[in-house]
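First up is the structure itself, then whatever we jot down about it.
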Amino acid sequence: MVARYQIFLTLPVVLLAVTLLAAEARRLPRAALALLCALLLAEQANAYAPLFLDRTEEAGRLAAIPPAPAECRAFYVSAARTGSRFGEAVADPYNHNTEAMLIAAVLHLPTINGISTFNPPFWPAAIPEDPAYLPQIRAYAAHWGWWDSAAWTCGASPGARRWTDRPG
C-alpha cells in the first residue's frame, strides 16, 4: 500500500533528482553518469505484480449478491469472505471493509464499513468474527442517527449471498 505522503513527495523528489543530474552532468565522467542513470532506471523495476484480482470472479460474486431489503438504507458486513483473493489475510480489518466498499459501489447503498487513513469517531475497528464488532456497529450507527431511525441498517453476508436483519 502506498502512503499518501509518498504520493505528495513524488514530484518534488523527481524534480530534485533531475535538477541535480542536470547540474552534475557536465562534471561527471560519462561512464559515471550512465551508471547513475542505469541505477535510477533499475530502481523502478518491480517484480511484484499487485494485479491478482480476478475481475470475472469478483464481478460474479458481486452480481450474485441479491438486492438489499427495501427498508435497508445503509449496511454493514455481517460476515467477511472466508477465502483469500490473492494470499492476503482474511480475518483482518482491511478485508471486510474493502468488501463493503465494493458492494456499496455496485448496489449504490451506503455502508458503515470502509477504510481510510482517517476514520470518523466511533468507527467500528473490530472485525466481524470479533464479539465487539456488532456493539461497535450499533454504537457507530446510533452516534450518526442511523440505528433508531426509519432508515434502518441491515447486514450483508457476501459469502453467503444474503442479507441479515440488524441485531437488537
Side-chain angles (χ1 to χ4, degrees), residues 1-14 43-168:
M1 186 180 334
V2 177
R4 289 181 185 177
Y5 79 90
Q6 291 173 319
I7 294 170
F8 177 74
L9 290 177
T10 299
L11 182 61
V13 169
V14 168
E43 187 270 334
Q44 294 299 310
N46 188 350
Y48 176 72
L51 304 175
F52 298 118
L53 194 64
D54 183 338
R55 185 179 177 95
T56 305
E57 180 183 337
E58 289 300 312
R61 286 183 83 250
L62 291 169
I65 297 172
E71 57 276 3
C72 184
R73 299 289 179 257
F75 77 96
Y76 63 93
V77 171
S78 58
R81 84 169 53 218
T82 55
S84 174
R85 287 172 288 205
F86 37 83
E88 85 282 16
V90 175
D92 72 353
Y94 190 76
N95 187 40
H96 71 283
N97 284 306
T98 55
E99 185 95 344
M101 292 188 300
L102 285 171
I103 295 167
V106 169
L107 298 182
H108 305 287
L109 184 65
T111 182
I112 287 175
N113 300 111
I115 198 154
S116 181
T117 304
F118 304 101
N119 292 311
F122 302 103
W123 177 77
I127 61 175
E129 294 82 8
D130 186 342
Y133 180 68
L134 289 178
Q136 286 181 8
I137 291 288
R138 239 182 261 110
Y140 183 77
H143 175 77
W144 295 105
W146 299 337
W147 201 258
D148 296 320
S149 69
W152 63 278
T153 307
C154 56
S157 181
R161 296 179 173 94
R162 64 184 172 89
W163 293 89
T164 58
D165 290 336
R166 68 180 181 173

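Numbering of residues begins at 1 and proceeds along the displayed sequence. Just so you know, these numbers use all the heavy atoms, side chains as well, and skip hydrogens, waters and symmetry mates.
In terms of heavy-atom proximity, Leu109 sits nearest to Ala74 at CD1-N, 4.1 Å. Shown here for Pro12 and Leu9, the closest heavy-atom pair between the two residues is CD-O, 3.2 Å. Pro128 and Ala79 get closest at one heavy-atom pair: CB-CA, 4.1 Å. Nearest heavy-atom pair across Pro135 and Pro131 is CD-O, 3.3 Å.
The side-chain contact (heavy atoms from CB on, under 4.5 Å) search around Pro120 returns Trp123, Tyr140, Trp144, not counting sequence neighbours. Every residue meeting the side-chain contact (heavy atoms from CB on, under 4.5 Å) condition with Ser116, not counting sequence neighbours, appears here in chain and number order: Arg4, Asn119.
Using cut-offs of 30° and 60° on the angle between ring planes, the pair Phe122 and His143 is tilted.
Remark: Ile103 CD1 to Ile65 CD1 distance equals 3.5 Å, nearest 0.5 Å. Between Tyr133 atom OH and Ser78 atom OG the span is 7.5 Å, to the nearest 0.5 Å. The CG atom of Asn113 sits 5.0 Å away from atom NE2 of His96, with the distance rounded to the nearest 0.5 Å. In this structure, OH on Tyr94 lies 15.5 Å from CD1 on Ile127, to the nearest 0.5 angstrom. For the atom pair Ile112 CD1 and Ile137 CD1, the distance stands at 5.0 Å (nearest 0.5 Å).
No donor-acceptor pair closer than 3.5 Å links the side chain of Asn97 to the backbone N or O of Ile115.
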